Amino acid sequence: MLHIDMDYFFAQIEEIRNPEYKNKIIAVCIFSGRTEDSGVISTVNYEGRNVGIKSGMPIVNAKKLAKSGIFLPADHKYYESISQTIDGLIRSNCTKVEKSSIDEWYALAEDEVETGKRIKLEILNSTNLTCTVGVAHSRLGAKMASDKAKPNGFLILGKEKERNLIDNSPVEKIIGIGPKTKDELNELGVKTVSDLRGLNQFILIEKFGKKTGAWLYNLGIGIYDSEIEERIEKGEFSRIGSLKENTREKGKILEKIVELEREAKEELKYSKKFYKTLTLIFITEDIKMHTKSRSFSKPRGEKETNLDEIKKLMSEFLDNERKEVRRVGVKFSGLVEMDGQTTLF
DNA sequence: GAACAGAAAAC
DNA sequence: CCTCCTTTCTGTTC
């Protein structure tokens, strides 16, 4: 299996688009609009990483680390179009392709080493962007290989190296193990994947749930999932945004929700899909996420208004929660194809 | 089995 | 001090 991962994607795109920034620190930012520099770093180039800037870091803190750095707003539409170009190149070279995010792909091909090299070159020729390719037997191994080789790298792992690399990795380097699972595993004395071996599978399932528990058990004994899922369609569309200030005022919150709903509907319109469920998202002052949703017996389209439901769901939330609201969002899910007919079911 | 809410993760 | 988007899983309730 191949794993193709674009190097510091958004920031690299900005480097290519603005050659005058060559060799400077470039950080692509998500500005929240609360204050001048509120928001976080999305992606930063290696010059920026060298001085300690990381993705997820508040923009204000990053600016302290790089007085002369270039801090640009994310231009998602443009990054998406480049992602599509790359997607086309990969698909024309591989037998099976899974696009796992805007800048990452898993793929199968006849001769994977040769194909990987060719893809790297074709991407460079047509976009001027570098990427890193990992080749291994499993999905996890391919991903670990590209992680290890980046940036602008190429790494092939045979079965034995693949197993060793995974076995000796700290658990938090494994895709699927985040901060919570890491902490819980560390408490059990598990630091690396190899420490998982020998743990009782029923204890793992009891502690981490059926799915994760069984997956961790298999990981420990060297069984890695390898399926490629060629899904194309998205299952939901959502928009989230920050309020100017934390508040509980219905008018202010509603105004933002309506604005976000309009944006999410644009996506919906573009996809020509209908939805069965509307969800409002609330992030309170303590950064906890809450949701309120309503499903409809008949799928709704881009034309229908949800104002009544939005007001009702919002009131329901505020009546049961006394914290202030920091951010809000709207989500359309349960997407279905409708082609004009409303009597599909 | 659907609806709803929340947790966790990846990006 | 704290952005945005999507997926997957789990528990609960009806």
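The model shown is predicted, which means the values in this text are computed figures rather than measured ones. Within every chain, numbering begins at 1; the chains are lettered A, B, ... in the order of the sequence lines, protein sequences first and strands thereafter.
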For this session: Would you please confirm or rule out a distance under 4.0 Å between OP1 or OP2 of C/dC5 and any side-chain N or O of A/Ser238?
Result: no

Exercise. Just to confirm, is there a sub-4.0 Å distance from OP1 or OP2 of C/dT3 to any side-chain nitrogen or oxygen of A/Ser42?
Worked result: no

Exercise. Is it true that the side chains of A/Tyr8 and A/Glu15 contain a donor and an acceptor less than 3.5 Å apart?
Worked result: yes

Exercise. A/Lys143 side chain N/O closer than 4.0 Å to the phosphate oxygens (OP1, OP2) of B/dC11?
Worked result: yes

For this session: Describe, in one word, how the ring planes of A/Phe296 and A/Tyr275 are oriented to each other, choosing from parallel (under 30°), tilted (30 to 60°) and perpendicular (over 60°).
Result: perpendicular

Exercise. Do the side-chain N and O atoms of A/Ser295 and A/Thr277 include a donor-acceptor pair separated by under 3.5 angstrom?
Worked result: yes

For this session: Look at the side-chain N and O atoms of A/Arg327 and state whether any lies under 4.0 Å from the OP1 or OP2 oxygen of C/dC2.
Result: no

Exercise. Just to confirm, is there a sub-4.0 Å distance from OP1 or OP2 of C/dC1 to any side-chain nitrogen or oxygen of A/Arg34?
Worked result: no

Exercise. Base, sugar-phosphate, or nothing: which does A/Gly329 touch, judged by heavy atoms less than 4.0 Å apart?
Worked result: nothing

Exercise. Between C/dT7, C/dC5, C/dC2, which one does the side chain of A/Ile287 approach most closely?
Worked result: C/dC2

Problem set entry | Greater than 12 external heavy atoms within 6.0 Å of A/Lys120's NZ | yes

For this session: Scan A/Asp103 against the nucleic acid and name what it touches under 4.0 Å (heavy atoms): base, sugar-phosphate only, or nothing.
Result: sugar-phosphate

Exercise. A/Lys331 or A/Ser32: which one's nearest nucleotide on DNA chain C is closer to the 5' end?
Worked result: A/Ser32

Exercise. Would one find a side-chain N or O of A/Ser101 under 4.0 angstrom from OP1 or OP2 of B/dA10?
Worked result: no

Exercise. Base, sugar-phosphate alone, or nothing: which one does A/Thr181 contact when heavy atoms must sit under 4.0 Å apart?
Worked result: sugar-phosphate

Exercise. Which part of the nucleic acid, if any, lies within reach of A/Lys288 when heavy atoms closer than 4.0 Å are counted: base, sugar-phosphate only, or nothing?
Worked result: nothing

Exercise. Can a side chain N or O of A/Ser333 be found less than 4.0 Å away from OP1 or OP2 on C/dT7?
Worked result: no

